[in-house]
Amino acid sequence: MSEKVFMPSRPLVPGGERYGVLSGFAPGTRILEAGTRLAEPFRPLPVDIVFEKDIAVTLRDGTVTYVDVFRPAGSEQVPVIVAFSPYGKGQGSSPSAMGVFGLVGLDNSIVSGLQKFEGPDPAYWCARGYAICNPDIRGVAESGGDSVLWDRQEGRDAYDLVEWLGTREWCSGKVAMSGTSYLAASQWFTAAEQPPHLAAINPWEGMSDTYRDLVLRGGMPDSGFARQLRDVSFRGHGRKEDIIAEAERHPLINDLWEHKIPRYERITVPAYVVASYSNTLHTQGTFRAWRRMSSVDKWLRVHNSQEWPDYYDEGNREDLRRFFDHFLKDADNGWEHTPRVRYSLLDLEGGDQVALAADRFPPSGVVSTRYYLDAGTRTLGTAAPAEAATARYVVGANPGSVSFLTRFDDETVLVGYPKAHLRVEADGADDMDLFVLVQKLDAHGTPLAQFTVPNQGAMIHDVTEYGGSILRYRGSDGRLRVSLRHLDETLSTGDVPAHTFDRAEKLAAGEAVDVDIDLLPVGLVFHPGEQLRFVISGRSLLGSMMPGMPEYTSPHAGTHIVHTGGDHASYLQLPVKNSGKDTP
């Protein structure tokens with residue numbers, strides 16, 4: 001197996017941006033009484049909570065890690081929910097976590113500060129008969145060992161923690177997991193290990209393939225967020241994995257990357273999965289894991305905002321509690337009648353629809369429809385152009401892209417998986433980085449966008465003007481390095497192409513090739529007269545994922561040529577829903 005690369009870590013220090021009220025190492029047990037407030041911004045505790053801090057948990061290889069447990073006072077046995085991530089277990093009250101709430105427009109008074117960053121709040125869950133476990137995982141804070149990033153090693157470590165928790169005298173024997181982002185991704189790896197005490201999972205937007213979602217999406221080394229994650233997280237006394245060095249050494253899929261993909265088919269535990277169309281980091285991975293996991297009891301909800309406002313929304317927490325009550329407390333609460341899929345449709349003009357019920361995703365009645373590119377007229381149409389033509393742009397020039405338009409005469413709903421099939425050629429280069437985007441335009445041709453967070457002030461406008469794509473939705477995007485176009489015939493479907501990324505096939509001079517590009521799942525409504533714009537470019541069309549992150553710049557130059565019509569028609573395949581009702 002290819003060797004991991006490690007670099008020195010740095011300890012979490014008092015006064016730092018990620019140091020919270022409870023970040024200090026202080027083993028012991030105490031009672032947090034009802035009415036206690038951790039710090040001024042946070043909500044007071046509604047009930048007495050037993051707080052066991054820095055409990056030592058020994059993993060199968062002898063590594064000692066430390067966890068915090070919050071549980072209801074009293075002798076009743078309760079289930080426990082785990083928040084598994086490399087973020088310090090006391091980070092929920094840190095300046096960085098509070099700053100994230102401020103950025104997106106959430107009031108810190110909606111949480112107690114006891115929660116792990118992006119994890120379940122003990123104030124809410126302990127009041128409802130659950131314990132919460134916040135671990136400092138391998139290599140983080142005072143825990144021993146070297147930390148790894150989204151890896152099957154984490155799945156094995158979490159297995160050991162789940163089994164340790166399931167046998168505590170205060171535990172009912174049932175353990176669950178919940179949380180967003182990293183806390184969601186870790187659940188795929190854990191569930192694939194099948195710990196016997198794991199009774200349910202709740203991945204709330206999280207990537208599911210470290211290569212394809214984080215460091216080399218589309219085969220491109222767009223490492224901005226991976227670098228940020230590596231550099232500011234995994235604080236500890238040992239070493240941490242250098243994911244950037246690994247991507248530079250191993251740009252193609254090998255056994256190192258294979259071990260950073262969960263074994264989806266081994267995920268059989270009941271799952272309540274939450275996704276969105278708009279998170280350019282998490283969307284593809286969440287839907288992929290949802291499709292490929294083997295759980296019989298699985299539910300999907302696709303919301304219309306951003307993960308943090310959605311996760312801490314009171315109504316959504318109550319919905320999650322019904323799921324956990326059913327599978328962790330055997331409550332006869334009718335959860336089994338919840339629609340297996342609840343999806344949203346974005347309007348981008350204030351008329352979003354949410355919680356639309358279906359029994360699958362895409363919902364029934366969706367027809368994959370080809371809209372053919374016509375370079376002569378720069379339009380999209382359902383009939384392939386008879387005449388061959390080309391459209392071209394120079395990489396790095398202005399405009400540096402080509403686009404194609406279609407106008408909808410009737411109300412049109414797109415919901416499902418778009419893909420692009422393009423015939424392309426490079427003049428003056430042996431490779432191409434292709435970026436594609438589906439945009440909604442109003443009837444007058446103005447591009448429409450929508451903030452995903454409550455904060456819509458001047459600063460959010462600034463940081464999302466170009467970039468910050470997780471905070472403002474501009475459409476469904478995709479990307480592919482053309483030399484890595486080889487399809488995985490086993491995993492590819494008619495709607496979702498999957499690439500092997502295990503070989504590089506450079507372009508010869510004058511060679512045109514066919515490529516298939518998967519775009520983020522979409523849920524969009526077009527009213528009569530509104531338009532769809534399909535853009536192809538050699539640069540990222542959305543900018544960076546997070547505000548302030550550097551934008552990826554392609555190393556490939558030259559002129560990109562898109563062939564349309566004739567014997568090798570290029571097309572955009574869209575999931576068009578008919579006007580009939582879903583079958584429940």
Side-chain angles (χ1 to χ4, degrees), residues 20 41-43 70 81-87 89 91-94 96-128 130 132-134 176-188 190 200-208 271-283 285-287 289-290 299-325 328 338 342-344 352 354-355 451-455 470-471 473 545-546:
F42 300 112
R43 66 184 295 188
F70 301 89
I81 305 169
V82 179
F84 199 91
S85 77
Y87 311 135
K89 52 189 170 58
Q91 191 178 325
S93 58
S94 69
S96 64
M98 294 171 66
V100 164
F101 267 40
L103 173 68
V104 302
L106 293 176
D107 194 315
N108 279 282
S109 65
I110 68 173
V111 291
S112 67
L114 300 179
Q115 78 285 348
K116 204 172 194 181
F117 176 57
E118 301 185 317
D121 185 3
Y124 174 89
W125 290 99
C126 288
R128 290 154 179 83
Y130 289 85
I132 298 294
C133 175
N134 292 339
M177 301 181 77
S178 180
T180 82
S181 191
Y182 202 110
L183 287 79
S186 63
Q187 295 178 55
W188 311 122
T190 307
I201 58 172
N202 169 231
W204 207 293
E205 293 204 54
M207 52 70 63
S208 65
Y272 177 7
V273 179
V274 180
S276 74
Y277 306 119
S278 57
N279 194 313
T280 44
L281 175 62
H282 297 318
T283 294
T286 309
F287 277 92
W290 155 261
W299 285 262
L300 174 69
R301 183 172 64 82
V302 187
H303 64 86
N304 68 330
S305 63
Q306 194 267 347
E307 63 196 73
W308 302 316
D310 191 70
Y311 186 71
Y312 292 107
D313 175 81
E314 197 70 16
N316 293 337
R317 286 199 292 195
E318 285 294 303
D319 194 56
L320 174 60
R321 182 167 70 96
R322 290 183 60 243
F323 169 74
F324 278 156
D325 281 355
L328 275 71
T338 303
R342 288 170 289 173
Y343 67 96
S344 61
D352 288 359
V354 298
F451 286 106
T452 62
V453 295
N455 182 10
I470 68 165
L471 303 177
Y473 180 68
M545 295 174 183
M546 308 293 182

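Bear in mind the structure is a predicted one, so any value in this text is a computation, not a measurement. FYI, the numbering just counts along the sequence from 1. All values below come from the heavy atoms of this structure, side chains included, with hydrogens, waters and symmetry mates left out.
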Given the side-chain rings of F101 and Y312, with only the six-membered ring counted for Trp, is the space between their centroids under 6.0 Å?
yes

What distance do Y473 atom OH and Y277 atom OH have between them, rounded to the nearest 0.5 Å?
8.5 Å

Is NZ or CZ of R301 both nearer than 6.0 Å to the six-membered ring centre of Y343 and within 45° of the ring axis?
no

Is any side-chain heavy atom of R43 closer than 4.5 Å to a side-chain heavy atom of D121?
yes

Are W125 and F70 an aromatic pair, judged by ring center distance below 6.0 Å?
no

Looking at residues at least two apart in the chain, or sitting in another chain, which of them share a side chain to side chain donor-acceptor pair (under 3.5 Å) with R322?
none

Results of side chain to side chain contact (heavy atoms under 4.5 Å, CB included) for S276 - residues two or more places apart only:
E205, S278, N279, T283, H303

Among all residues two or more places apart in sequence or in another chain, which pass the side chain to side chain donor-acceptor pair (under 3.5 Å) test with T280?
S469

Test of understanding: with ring pair (Phe, Tyr, Trp, His ring centres under 6.0 Å), list the residues that count as partners of F42, not counting sequence neighbours.
none

Taking every non-hydrogen atom, the tightest pair across P454 and G105
CB-O, 3.8 Å

Could you tell me which residues satisfy side chain to side chain contact (heavy atoms under 4.5 Å, CB included) with T180, sequence neighbours excluded, listed by chain and number?
E118, W204, E307, W308, Y311

Any donor-acceptor pair under 3.5 Å from N316 side chain to D310 backbone
yes

Whether N455 side chain and L103 backbone form a donor-acceptor pair below 3.5 Å:
yes

Please round to the nearest 0.5 Å and tell me the distance separating atom CD1 of I110 and atom CG of N108.
8.0 Å

S93: partners by side chain to side chain donor-acceptor pair (under 3.5 Å), with sequence neighbours left out
none

Just to verify, what does R321 make a salt bridge (Lys or Arg N to Asp or Glu O under 4.0 Å) with, not counting sequence neighbours?
E318, D325

Can you tell me how far CH2 of W188 sits from CE of M207, rounded to the nearest 0.5 angstrom?
11.0 Å

How many angstroms lie between OG1 in T286 and CG in L300, if you round to the nearest 0.5 Å?
9.0 Å

For F323, all residues meeting ring pair (Phe, Tyr, Trp, His ring centres under 6.0 Å), sequence neighbours excluded
Y272, F327, W335

Let's go through V273 and W299 carefully: what are the C-alpha distance in whole Å and the side-chain angles of both, what is the deciding distance for side-chain contact (heavy atoms from CB on, under 4.5 Å) to 0.1 Å, and is it a yes or a no?
CA-CA 6 Å; V273 179; W299 285 262; over 6 Å; no

Those residues that, when tested against S208, pass side chain to side chain donor-acceptor pair (under 3.5 Å) (two or more places apart)
Y264, R288

If only atom types and distance count, is the side chain of Q187 paired as donor or acceptor with the main-chain N or O of A185 below 3.5 Å?
no

Sorted by chain and number, sequence neighbours left out, side chain to side chain contact (heavy atoms under 4.5 Å, CB included) with M546 holds for F225, L281, I470, M549

Strictly below 4.0 Å, N to O, side chains only: are D319 and R342 in salt-bridge contact?
yes

Residue list, side chain to side chain contact (heavy atoms under 4.5 Å, CB included) with A83, at least two apart or on another chain:
K116, P120, N134, L183

Rounded to the nearest 0.5 Å, what's the gap from NZ on K89 to SG on C133? Could you check?
9.5 Å

Of all residues at least two apart in sequence or in a different chain, which pass the ring pair (Phe, Tyr, Trp, His ring centres under 6.0 Å) check with W290?
none

Full working for side-chain hydrogen bond (donor to acceptor under 3.5 Å, both in side chains) between S178 and N202
CA-CA 5 Å; S178 180; N202 169 231; 2.7 Å; yes

Out of curiosity, Q91 CD to M98 CE, how far, rounded to the nearest 0.5 Å?
12.5 Å

Aromatic ring pairing F117/Y87, orientation class (parallel under 30°, perpendicular over 60°, tilted between)
perpendicular

